[in-house]
Amino acid sequence: NIATALSTIVVMAFIDVRLTIISLAIAPVFLLITRRVGAIRREISKLTQQSMANLTATTQETLSVSGVLLTKTFGRQSEAISRFSNENESLAALEIRQQMIGRWFFMIISVFFSITPAIVYLVAGRAIIGGGTDLTIGGIVAFTTLQSRLFMPLGQLLNVHVDVQGALALFDRIFEYLDMEHEITDRPGAITLEPATVRGDVVYDHVSFQYDVPIDTEDAETTDLANRLALDDININIKAGQLVALVGPSGAGKTTLTYLLPRLYDVTSGAIRIDGHDVRDIKLESLGEIIGFVTQETYLFHSSIRDNLAYGLPNATDAELKAAASAAAIHDRIAELPDGYDTIVGERGYKMSGGEKQRLALARVILKDPRILILDEATSALDTHSERVIQHSLETLMRDRTTIAIAHRLSTILAADQILVIDAGRVVESGTHSELIATSGLYASLYHEQFSNADRREHELATFS
Ligand code: ATP
């Protein structure tokens, strides 16, 4: 376009410099307007992207399995529909504005280019009639023809500027994410531990941790929250192969304590060591191999049971898959399904029952065979049979590996080598079940509150069955 425009202008200037200047006199005004239109397009592109992100988030949130369930059970379908409609309409309006922006401007340019030949005929015609020029009629016709050829390349060049501005708004948004700093990365010289040689000793050495809460200085409550330590001077020594049960009231810091070991967060002060190595000196990938995490809520991918299990060990053979599933007491159930291990579990595993999902999660970790296991026991009550089955799978899983369990099952607590009672970010009591009961402290009162009933229920159900 630049080549065509320049060559046309040069030839026009050869024919008549004065007419060329008249033809191009208004061009600087167009350039200014183009810059302005480009800036507006950039702004609208940005808004359109935000609106699109909102719409996608709303759709994903509402149409996810849990979202649909929540919407239906709370009778909020019409609200969900109107929320979608509003966002959809605002996106549509923005898209239209984005397409329309500058159309009037290009319309003015095209009108201008259509009428300039008439001006040229007028000015040049009068000059020829007046006899004050050596321009010929042929020259004028050649000039106006060239002039009409100038419109396309110039118009397109101006358009490119506006389009580029719109595209830059997308880049701004992409770079917002690409430029984000990773908070937790491998240190230079971080080491890889060979999983087979890891013993599994875990030490928390004067560990304190504070969540990064954005402070609103006006609001005393958020300032207070930001200054509060989620964990305060935690010292724990776990020997390889031991089972440690964490108990304590809600919000005490149990989950936070477990998150620090695989470096989901880094300690604020103190250190955590595995076999004497500070976790910050171990490569994140290596930590991921050594540590297995079973979360309270099982996350399954929308894929086959085989794929979900093999996430723990990508090259697992069929025999290994079956062995892990048998150890987690889920193999027989899978075998009953029409497609067996190829059954698609549905988004987040909605086609499986709660107990089945838990056992699949256990099978996945058994397959991974980590040296250190973090177990956040599900609080949801299962029937006695499923409970026993899971209990059995858990025992298989915890055997011979260091386990830190956020314990909700009495059997796990009773089997623990150490029970740590966490309250307000501190270890307030530690010992075995009988030692802690004897001290009549927080553990004893939690135990009486939570488990004496559960104990009785278990007994009743056992008698009943
Ligand atoms: P529960 O038994 O109810 O799961 P918990 O003992 O596991 O509780 P944590 O989840 O470790 O407790 O939370 C400890 C404290 O840290 C709580 O006061 C909680 O509000 C706060 N907290 C947890 N996660 C965050 C976060 N991402 N940002 C800020 N504060 C957090």
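In each ligand, atom 1 is the first atom listed, and ligand 1 is the first ligand listed.
- If you number the atoms of ligand 1 from 1 as listed, the ones under 4.0 Å from a heavy atom of R228 come out as 18 (O).
- You'll find the side chain of D318 reaches within 4.5 Å of the side chain of R306, heavy atoms only.
- Between atom 17 (C) of ligand 1 and the options G248, S250, G251, the minimum heavy-atom separation is to G251.
- Using a 4.0 angstrom heavy-atom cutoff, G253 counts as in contact with ligand 1.
- Near A252, meaning under 4.0 Å from one of its heavy atoms, ligand 1 places the atoms 5 (P), 6 (O), 12 (O).
- The ligand atoms of ligand 1 that sit less than 4.0 angstrom from a heavy atom of Y265 are 27 (N).
- Checking V345, L360, T298, I344 one by one against N308, the side chain to side chain contact (heavy atoms under 4.5 Å, CB included) holds for a single residue, V345.
- No side-chain N or O of S430 forms a donor-acceptor pair with one of Q418 less than 3.5 Å apart.
- Atom numbering of ligand 1 starts at 1 in the shown order; those under 4.0 Å from a heavy atom of T256 are 9 (P), 11 (O), 13 (O), 14 (C).
- Listed by number with element, the atoms of ligand 1 under 4.0 angstrom from any heavy atom of T255 are 4 (O), 5 (P), 7 (O), 10 (O), 11 (O).
- Between Y447 and H433, the angle of the ring planes goes over 60°, which puts this pair in the perpendicular group of the 30/60° scheme.
- When only interatomic distances are considered, the shortest N/O to N/O separation between A230 and ligand 1 does not fall below 3.5 Å.
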Check: residues 260-282 side-chain donor-acceptor pairs under 3.5 Å, at least two apart:
unit_1	atom_1	unit_2	atom_2	d
R263	NE	D266	OD1	2.8
R263	NH1	T185	O	3.4
R263	NH2	T185	O	3.4
R263	NH2	D266	OD2	2.8
T268	OG1	Q210	N	2.9
R273	NH1	D205	OD2	3.2
R273	NH2	D205	OD2	3.2
D275	OD1	G200	N	3.0
D275	OD1	D201	N	2.9
D275	OD2	R199	N	2.7
D278	OD1	R280	N	2.9
D278	OD1	R280	NE	3.2
D278	OD2	R280	NH2	2.9
R280	NH2	G270	O	3.1
D281	OD1	R187	NH1	2.7

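- F301 has its side chain out of reach of D307: every pair of non-hydrogen atoms, C-beta onward, lies at least 4.5 Å apart.
- No heavy atom of F209 sits closer than 4.0 Å to any atom of ligand 1.
- Not a single heavy atom of Q296 lies less than 4.0 angstrom from ligand 1.
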Just distance, no hydrogens or angles: give the donor-acceptor pairs under 3.5 Å from side chains in residues 46-53, sequence neighbours left out.
unit_1	atom_1	unit_2	atom_2	d
T48	OG1	I44	O	2.6
T48	OG1	Q98	OE1	3.0

